[in-house]
There are 2 protein chains.
Amino acid sequence: MELVLSFTEENYLKEIYHLFQESNTPVSTNAIAEVMNTKAASVTDMIKKLSAKGVVSYQKYHGVKISDKGQKAALQVIRKHRLWEAFLVDKLKFNWDEVHDVAEQLEHIKSPLLIKRLDEFLGHPKYDPHGDPIPDENGEFKAKPQAPLSTVENGAEGVVVSVKDASASFLQYVDKMGIYIGAKIRVIEKVEFDGSLEILIDNKRTVFISKEVSENIWITE
Amino acid sequence: MELVLSFTEENYLKEIYHLFQESNTPVSTNAIAEVMNTKAASVTDMIKKLSAKGVVSYQKYHGVKISDKGQKAALQVIRKHRLWEAFLVDKLKFNWDEVHDVAEQLEHIKSPLLIKRLDEFLGHPKYDPHGDPIPDENGEFKAKPQAPLSTVENGAEGVVVSVKDASASFLQYVDKMGIYIGAKIRVIEKVEFDGSLEILIDNKRTVFISKEVSENIWITE
DNA sequence: TTTCATTTTTAGACTAATCTAAAAATAGAA
DNA sequence: TTCTATTTTTAGATTAGTCTAAAAATGAAA
Ligand SMILES: [Mn+2]
Ligand SMILES: [Mn+2]
Ligand SMILES: [Mn+2]
Ligand SMILES: [Mn+2]
């Protein structure tokens, strides 16, 4: 009765976990197709397989919910992804924009001993290079209280805690702006019209960022 | 025109490389089936694919030879396998009998930067935990001159350079006998009847090993 | 409460990797 | 040189994951 998921099943489950976390309501077939870069028909097939394995519950035409069993499995994949990202940055001197694609591969390596030892080798890190929390062996984690820059008030101040887009293009842009995990940000002005922001970084540099960018940079409350 | 091999194609090619090295004659379908734990019919199918990609040359009914292109590709997989084994032992404190299965997975991770950095992180190791040489980025490597214990004369002496079986059961047995890479071995007596050996390890301990075991332990000449 | 745009599922095909069973080719013994 | 045991290939299925096109269900507007 041991749960074994394929490479592909793990990827679907991980995305379903994230989507379910965001809304706490059943996840639609189309939403999954979107993030997985596949077609709705493929998603329907996969959902049936995941449902048969008990990691999601599925009501035809009404989307999927992740089960406790599925949640546990998803969190172990996420744990591996983030531990590997930490390894790549801390030990192999990768930049934070170079790690995601490699971690997408490494997260599927099956070896409990490897993850245990990697975690020890890294000193049990609590956060990955993007500020995301690393679940422990039981799937437990604690995210720092945080809010997207896009929702804070004029004049508000905080420290960058995490970034929510791991794409190389986004992270390289963030680098160029002088923004990093731990940077001190003050919102100078929020433009009503388009939601763009003028911000002061580390009391030194003023930059303008779009609403879209500000939604992906989260600071302490 | 860039060569892309699937996970499975890489595994076939690696084994074809090893088999071709051993004999320097065309490798038979059955020989491949044996080491790949598949059936001859599956091998024939795969050989056609590898041939279409130019990594092997194939004469129907007369076996396959690996091409230069194939050799290069195989050596890069072998390089990754051995680098990961070195990482697991040197950094994550794995025993030498615990690394092979994990390395079988890790060797397929696609990221030139990862391998470059891993190699640097490990200090450009020349040999893996089993004494096998690690090819460099150009596929070049130098194995130490060595011969299997089974072929040396009575009274011969040497230092263990490598072991040729990476299975956990073999390596654990080798451990128990007190044999390791670097151990000094003297052949006390070779039994004509079954080829078994009585050997002295590090001038301290005398043990008996079968012919089969002695074929997998290689010492300096 | 009916209509219809949108979403979801089904049907049928395709590719990669595998299998079994049968046919074909090879090579060594007679 | 012929026979035949063995090896190899082909034929036809199967499974996982994907697709397109068509059918079915949903739900919100009229
Ligand atoms: Mn990531
Ligand atoms: Mn991350
Ligand atoms: Mn190995
Ligand atoms: Mn090895």
Side-chain angles (χ1 to χ4, degrees), chain A residues 2-16 19-20 22-23 25-66 70 73-74 77 104-105 107-108 110, chain B residues 2-16 19-20 22-23 25-66 70 73-74 77 104-105 107-108 110:
Chain A
E2 206 208 326
L3 178 64
V4 180
L5 298 175
S6 72
F7 185 103
T8 309
E9 287 168 338
E10 283 188 346
N11 281 334
Y12 270 93
L13 190 62
K14 194 179 51 158
E15 293 304 340
I16 292 169
L19 290 168
F20 191 70
E22 281 170 22
S23 69
T25 55
V27 181
S28 77
T29 302
N30 266 353
I32 298 169
E34 164 105 44
V35 296
M36 290 298 298
N37 279 305
T38 53
K39 298 303 160 76
S42 310
V43 173
T44 300
D45 282 348
M46 180 53 74
I47 280 171
K48 288 176 183 170
K49 279 185 229 168
L50 293 175
S51 181
K53 293 195 177 184
V55 291
V56 303
S57 62
Y58 171 49
Q59 293 272 65
K60 241 191 211 180
Y61 291 101
H62 293 85
V64 287
K65 280 188 283 188
I66 192 161
V77 179
E104 279 298 314
Q105 300 178 63
E107 72 187 5
H108 303 291
K110 263 122 189 144
Chain B
E2 207 208 327
L3 177 64
V4 180
L5 298 176
S6 72
F7 185 103
T8 308
E9 288 169 337
E10 284 189 344
N11 281 333
Y12 271 93
L13 190 62
K14 195 178 49 158
E15 294 303 341
I16 291 170
L19 289 169
F20 191 70
E22 281 170 22
S23 69
T25 57
V27 181
S28 78
T29 302
N30 266 354
I32 298 169
E34 163 104 43
V35 296
M36 291 299 297
N37 277 306
T38 54
K39 298 304 159 74
S42 310
V43 173
T44 300
D45 283 348
M46 180 54 74
I47 280 171
K48 288 176 183 168
K49 278 185 230 168
L50 293 176
S51 181
K53 293 194 178 185
V55 291
V56 302
S57 64
Y58 171 49
Q59 294 271 69
K60 241 191 213 179
Y61 290 102
H62 293 85
V64 286
K65 281 188 282 188
I66 192 162
V77 178
E104 279 297 314
Q105 300 178 63
E107 70 187 8
H108 303 291
K110 263 124 189 144

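Order of the sequence lines sets the chain letters (A, B, ...), proteins ahead of strands, with each chain counted from 1.
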### Summary
Heavy atoms of T29(B) and A40(B) approach each other most closely as CG2-O, 3.5 Å
### Summary
Closest non-hydrogen atoms of P26(A) and H62(A), given as atom of the first, atom of the second and distance, are CB-O, 3.4 Å
### Message
Taking any atom closer than 4.0 angstrom to a non-hydrogen atom of chain A, what span of DNA chain C does the protein reach, first nucleotide to last?
### Response
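That gives a stretch of dT7(C) to dT10(C).
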### Query
When the C1' atoms of the five terminal pairs at each end define the local axes, what inter-axis angle does the helix from dT1(C)-dA30(D) to dA30(C)-dT1(D) show, to 10 degrees?
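Rounded value for the end-axis angle: 20°.
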### Residues in contact with DNA chain D, drawn from residues 38-56 of chain B - heavy-atom cutoff 4.0 Å
A40(B), A41(B), T44(B), K48(B)
Using atom types as modelled, flag every donor-acceptor pair under 3.5 Å from a side chain in residues 8-16 of chain B to any protein atom, sequence neighbours excluded.
unit_1	atom_1	unit_2	atom_2	d
E9(B)	OE1	S6(B)	N	2.8
E9(B)	OE1	K53(B)	NZ	2.9
E9(B)	OE2	K53(B)	NZ	3.3
E10(B)	OE1	H108(B)	ND1	2.6
E10(B)	OE2	K110(B)	NZ	3.2
N11(B)	OD1	H108(B)	NE2	2.9
K14(B)	NZ	E104(B)	OE1	3.1
K14(B)	NZ	E104(B)	OE2	2.9
K14(B)	NZ	E107(B)	OE1	3.1
K14(B)	NZ	E107(B)	OE2	2.7

### Task
Enter the distance from S23(B):OG to L19(B):CG here, rounded to the nearest 0.5 Å.
7.5 Å
### Task
Find the distance between CD1 (I66(B)) and CZ (F20(B)) and round it off to the nearest 0.5 Å.
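Here the rounded value is 8.0 Å.
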### Query
So what does Y12(B) hit on the nucleic acid, given a heavy-atom distance under 4.0 Å: a base, only sugar-phosphate, or nothing?
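Sugar-phosphate: the residue Y12(B), judged by heavy atoms under 4.0 Å, touches backbone atoms but no base.
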### Beyond-backbone contact of T44(A) with Y58(A), side-chain heavy atoms, under 4.5 angstrom
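A side-chain contact exists here, since the closest heavy-atom pair is under 4.5 Å.
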### Message
Once salt bridge (charged side-chain N to carboxylate O under 4.0 Å, His left out) is applied, what residue pairs with a partner in residues 37-48 of chain A remain, sequence neighbours excluded?
### Response
none
Atom pairs, protein N/O to nucleotides 25-28 of chain D N/O, distance under 3.5 Å:
unit_1	atom_1	unit_2	atom_2	d
dA25(D)	O4'	Y61(A)	OH	3.4

### Task
Establish, with yes or no, whether the OP1 or OP2 oxygen of dT7(D) is under 4.0 angstrom from a side-chain nitrogen or oxygen of S28(B).
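No, S28(B) has no side-chain N/O under 4.0 Å of OP1/OP2 on dT7(D).
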### Task
Take atom CD of E10(A) and atom P of dA16(D), then tell me their distance rounded to the nearest Å.
16 Å
